[in-house]
Participant: 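What follows is a single structure, and I will ask about it in a moment.
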2 protein chains.
Amino acid sequence: MTRAIQTFTKYLNSKDLKLTKERKAVLQEIFLHKGHLEAEDILHSLRRKKKRASRATVYRTLDLLVDSGMVRKVDLGHGHSHYEHVLGHTHHEHMICLKCGKVIEFSDKEIERSLKQMCKKTEFKLTSHHLQVFGYCRDCR
Amino acid sequence: MTRAIQTFTKYLNSKDLKLTKERKAVLQEIFLHKGHLEAEDILHSLRRKKKRASRATVYRTLDLLVDSGMVRKVDLGHGHSHYEHVLGHTHHEHMICLKCGKVIEFSDKEIERSLKQMCKKTEFKLTSHHLQVFGYCRDCR
DNA sequence: CTTCTTGCAAACCATTTGCATCATT
DNA sequence: AATGATGCAAATGGTTTGCAAGAAG
């Protein structure tokens, strides 16, 4: 956590931006949660804890966090964005159920390998979060 | 094309829905195009051809086509949906450039294989369009 | 003729933005 | 004190919806 704040501060400084209590609160909220969460989740969590931060500020801070590389923005096909932190979160991909919207995290060596090979051929550069699989989960198939 | 109309008519009948000229026009527009296109594209194409169909009808028809399984709705991370027809369109997946938004279609036996195997393990049922890869294309890497 | 469809405009929902006020460095 | 940041409310952009008028079976 302290580490996260340090990293963020460094990023902010490099851009001549300031570490405000609102930004710190949003950062903490994201790093406290394990999974992916949406802007509204953060807003609610903060409200519950009687911390301040308007919806606009939450969105603005999320943009900064994504830009800093500490957080990734994920589109899980739910019609709005989700965010998850990268630090201390082991690499994984998402399997998304088209019916119930459930998101299953997975990581598969085989797939990684063939994906990397294909990307080498096509000169496509993968990102840390690079893959999404759509289908129907056990309960919805 | 005639085949597509037949299939759609069959679907509509099964749901006690009617084949209107607007629905037929939208269907044709999608099946005339090779790649993925968005609602607005369809609307413009129709306008250019002096065919009628309001934005609302285009969206409503697209929903029907997706439900019928003839068309798939794809989220390419552009902030709005894209649609592409399934019939007579060889199976492929999408690689999406996070910077310029370019979409590269690909199909890779190796990946398919390991993906299928993993899905068997996790009891996840794949759809025809099941995979999306994010990264940076040759020009943006 | 009955039921389903359309077009329009208003509603929606997530996200962004302009601006006056406020806080950090 | 100066530069940035915040909150609010209004704007945006894609998509959906209620409703009166119109068409398909």
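By convention in this document, chain letters (A, B, ...) are assigned in the order of the sequence lines, proteins followed by strands, and residues within each chain are numbered from 1. Everything numeric in this text was worked out from a predicted model, so none of it was measured.
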Participant: So which atom in B/Asp75 and which in A/Gly77 form the shortest heavy-atom distance, rounded to 0.1 Å?
Facilitator: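 The pair with the smallest heavy-atom distance is OD2-CA, 4.5 Å.
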
Participant: Starting at NE2 of B/His80 and ending at P of D/dG13, how long is that distance when rounded to a whole Å?
Facilitator: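 Atom-to-atom, B/His80 to D/dG13, this comes out as 12 Å.
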
Participant: Surrounding CZ of A/Arg113 (heavy atoms of other residues, nucleotides or ligands, distance under 6.0 Å), is the total greater than 12?
Facilitator: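 More than 12 within 6.0 Å, yes.
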
Participant: Quick check on B/Arg52: does its CZ atom have over 12 non-hydrogen neighbours (other residues, nucleotides or ligands) under 6.0 Å away?
Facilitator: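 No, the 6.0 Å shell around CZ holds no more than 12 heavy atoms from other groups.
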
Participant: May I ask you to decide if the ring planes of A/His82 and A/His78 are parallel, tilted or perpendicular, using 30° and 60° as cut-offs?
Facilitator: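 Judged by the thresholds at 30° and 60°, the geometry between A/His82 and A/His78 is perpendicular.
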
Participant: For atom CD of A/Glu105, decide whether the heavy atoms of other residues, nucleotides or ligands shown that lie under 6.0 angstrom number more than 12.
Facilitator: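 Buried by this count: over 12 neighbours within 6.0 Å.
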
Participant: Angle between the two end axes of the helix from C/dC1-D/dG25 to C/dT25-D/dA1, five base pairs per end, rounded to 10 degrees?
Facilitator: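 Comparing the axis at each end, I get an angle of 30°.
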
Participant: Looking at residues 3-16 of chain B, who's got a heavy atom less than 4.0 Å off DNA chain D?
Facilitator: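 Per residue number, the list is empty: none.
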
Participant: Please assess B/Asp139 against B/Lys102 for the test salt bridge (Lys or Arg N to Asp or Glu O under 4.0 Å), listing each intermediate value before the final yes or no.
Facilitator: CA-CA 10 Å; B/Asp139 308 326; B/Lys102 182 163 29 182; 2.9 Å; yes

Participant: Where the side chain of A/Thr9 meets the backbone of A/Ile5, is there a donor-acceptor pair that is under 3.5 Å apart?
Facilitator: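 Indeed, once roles are kept as given, a pair shorter than 3.5 Å links the two residues.
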
Participant: Report the distance from atom CG of A/Leu64 to atom C1' of D/dG4, rounded to the nearest whole Å.
Facilitator: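 So the CG-C1' distance, A/Leu64 to D/dG4, works out to 12 Å.
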
Participant: Within the 4.0 Å limit for protein heavy atoms, which parts of nucleotides 18-25 of chain D are touched? Write it as a string from 5' to 3', B for base, S for sugar-phosphate only, - for none.
Facilitator: B-----B-

Participant: Going by salt bridge (charged side-chain N to carboxylate O under 4.0 Å, His left out), name the pairs with one or both residues in residues 24-41 of chain A, residues two or more places apart or in two chains.
Facilitator: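 For residues 24-41 of chain A: A/Glu29-A/Lys49, A/Glu40-A/Arg55.
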
Participant: A/Ser68 side chain to A/Leu65 main-chain N or O, any donor-acceptor pair under 3.5 Å?
Facilitator: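 Yes: the side chain of A/Ser68 pairs with the backbone of A/Leu65.
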
Participant: Passes side-chain hydrogen bond (donor to acceptor under 3.5 Å, both in side chains), B/His130 versus B/Gln132? Steps please.
Facilitator: CA-CA 7 Å; B/His130 47 235; B/Gln132 252 170 245; over 6 Å; no

Participant: Rounded to whole Å, please give me the gap between NZ in A/Lys51 and P in D/dT6.
Facilitator: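 Nearest whole value for this atom pair: 15 Å.
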
Participant: Among A/Lys15, A/Lys73, A/Arg60, A/Arg72, which residue meets the salt bridge (Lys or Arg N to Asp or Glu O under 4.0 Å) test with A/Asp67?
Facilitator: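 The salt bridge (Lys or Arg N to Asp or Glu O under 4.0 Å) with A/Asp67 is passed solely by A/Lys15 among A/Lys15, A/Lys73, A/Arg60, A/Arg72.
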
Participant: Looking only at side chains, do B/His33 and B/Gln28 share a donor and an acceptor under 3.5 Å apart?
Facilitator: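 B/Gln28 and B/His33 do not have a side-chain donor-acceptor pair below 3.5 Å.
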
Participant: Touch check for A/Arg23, heavy atoms < 4.0 angstrom, all strands: base, sugar-phosphate only, or nothing?
Facilitator: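 Sugar-phosphate contact only - A/Arg23 comes under 4.0 Å of backbone atoms but never of a base.
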
Participant: If you compare all heavy atoms of B/Leu87 against all heavy atoms of B/Thr7, which two are closest, and at what distance to 0.1 Å?
Facilitator: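 Closest heavy-atom pair between B/Leu87 and B/Thr7: CD2-OG1, 4.4 Å.
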
Participant: Which heavy-atom pair separates A/Ile96 from B/Phe124 by the least distance, and what is that distance?
Facilitator: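 Reported closest heavy-atom pair: O-CZ, 3.4 Å.
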
Participant: Could you check which residues of residues 36-43 of chain B get a heavy atom under 4.0 Å from DNA chain D? Sort them by number, please.
Facilitator: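 When residues 36-43 of chain B is checked for heavy atoms under 4.0 Å from DNA chain D, there are no hits whatsoever.
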
Participant: Are the side chains of A/His92 and A/Glu84 in touch, meaning some heavy atoms are under 4.5 Å apart?
Facilitator: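 A side-chain contact under 4.5 Å exists here.
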
Participant: With a 4.0 angstrom cut-off to heavy atoms of chain B, pull out the first and last contacting nucleotide of DNA chain C, in 5'-to-3' order.
Facilitator: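 Answer, 5' to 3': C/dT3 to C/dC8.
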
